[in-house]
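Worksheet: one structure, shown below.
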Protein chains: 2
Amino acid sequence: MEPTRTHKKVSDPPAGEEPGWTPVTAALAVGEALRVLEGRWKLLILFQLFGGNVRRFSELERAIPEVTQKMLAQQLRQLEADGIVRRVVHPEIPPKVEYSLTVWGQSLCPVLDALLKWSARREETPEA
Amino acid sequence: MEPTRTHKKVSDPPAGEEPGWTPVTAALAVGEALRVLEGRWKLLILFQLFGGNVRRFSELERAIPEVTQKMLAQQLRQLEADGIVRRVVHPEIPPKVEYSLTVWGQSLCPVLDALLKWSARREETPEA
DNA sequence: CTGCATCCTCGAAGATACTG
DNA sequence: CAGTATCTTCGAGGATGCAG
């Protein structure tokens, strides 16, 4: 991130020109939020946990066949670090680890729901 | 896309076991929809067009300072190909190209709106 | 102004093997 | 079962220059 970008200057206005809610500030805030959801598997994972579901590592693996263990573990840990997902380890043999949404993660439900509805409409539309 | 995935088999059930709406089918549909939104700049672009805004290429450039011309053009063309964004060329000197959401693109508004609200909550939360 | 063409870098993601 | 470690590839994305 933060490339040299020799091609553009961000100009950085003196901050006092607007009351506090411009499309620009919105875009910035959204950009930050988007960073959390970035990653090819994050949303897919969240959809598995959507609705209070609790899933084991291997269940997620089965649910998302194209993901590798490495990527699944990595994205899960990022989601955990961002406070979206909770990871619970059961110290037993064989090991058992369960993933679920945190309370904060639940706040994503409207987003997931909107996405779900959109993809549904997308299917029923003749020529998307 | 479509890696060799030697590590997993998708199993492909005979399709008749469920009425037609399982978490699995939902996940698949969402996966398809997600492909359209995939790309580091797509959502940022859509937020600029959100609410019926019409934006010129250079305006989008200014609004998203970190994106390069190349990526902006590329992602715009992908969005156009997916029917989300409309591109209107005004044959004049100097050239002028305007981008806006298609009707189908407008159907993404609930998603964008939910994201916007989420990022707002995210800001006002002490420890995210 | 709005792009496309080219070259090149660099890190995301895959394969594979190993462990508590 | 649920990961980590290591090596490698591959293409997304950046820099730059040119064109309609």
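Convention: sequence-line order gives letters A, B, ...; per-chain numbering from 1.
Taking the six-membered ring where the residue is Trp, B:W118 and A:W104 present parallel rings, their angle staying beneath 30° rather than reaching 60°.
Remark: B:K117 pairs with B:D113 by the side chain to side chain contact (heavy atoms under 4.5 Å, CB included) rule, at least two apart or across chains.
Comparing A:P95 and A:Q74 by the nucleotide of DNA chain C that holds the closest heavy atom to each, the one mapping nearer the 5' end is A:Q74.
Rounded to an integer number of Å, the gap from CZ of B:R55 to P of C:dC1 is 17 Å. Rounded to whole angstrom, the span from the CD atom of B:Q75 across to the P atom of D:dG13 amounts to 6 Å. Following rounding to the nearest Å, B:E98 (CD) and C:dT2 (C1') show an atom-to-atom distance of 13 Å. Regarding B:E61, its CD atom lies at a distance of 14 Å from the C1' atom of D:dG14, rounded to whole Å. For the pair A:I93 CD1 and C:dT19 P, the interatomic distance rounds to 16 Å; values are reported in whole Å. Between B:Q78 atom CD and D:dG11 atom C1' there is a gap of 13 Å when expressed in whole angstrom units. Protein atom CD1 of B:I64 is 13 Å distant from nucleotide atom P of D:dG13, rounded to whole Å. Taking atom CD of residue A:E38 and atom P of nucleotide D:dG13, one finds them 9 Å apart after rounding to whole Å.
Closest approach to the A:K70 side chain among D:dG3, D:dC7, D:dC1 is made by D:dC7 (side chain taken as heavy atoms from C-beta onward). Taking every side-chain heavy atom of B:M71 into account, D:dG13 is the closest of D:dG13, C:dG20, C:dG3. Among the nucleotides D:dC1, D:dT4, C:dC1, the one closest to any side-chain atom of A:S58 is D:dC1.
Between A:E32 and A:R35 there is a salt bridge, with a side-chain nitrogen of the basic residue lying less than 4.0 Å from a carboxylate oxygen of the acidic one.
Considering only heavy atoms from C-beta on, A:Y99 stays 4.5 Å or farther from A:I45 through its side chain.
Proximity of B:R87 to the phosphate of C:dG3: a side-chain N or O atom is located under 4.0 Å from OP1 or OP2. Neither OP1 nor OP2 of C:dA12 sits under 4.0 Å from any side-chain N or O of A:R40. Using a 4.0 Å cut-off, some side-chain N or O of B:T68 falls inside it from OP1 or OP2 of D:dG14. Put simply, B:R56 has no side-chain N or O that comes within less than 4.0 Å of OP1 or OP2 on C:dC1. Phosphate contact (OP1/OP2 of D:dT4, side-chain N/O of A:R77, threshold under 4.0 Å): present.
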Side chain to side chain contact (heavy atoms under 4.5 Å, CB included) evaluation trace for B:L37 with B:L46: CA-CA 9 Å; B:L37 283 331; B:L46 293 180; 3.8 Å; yes

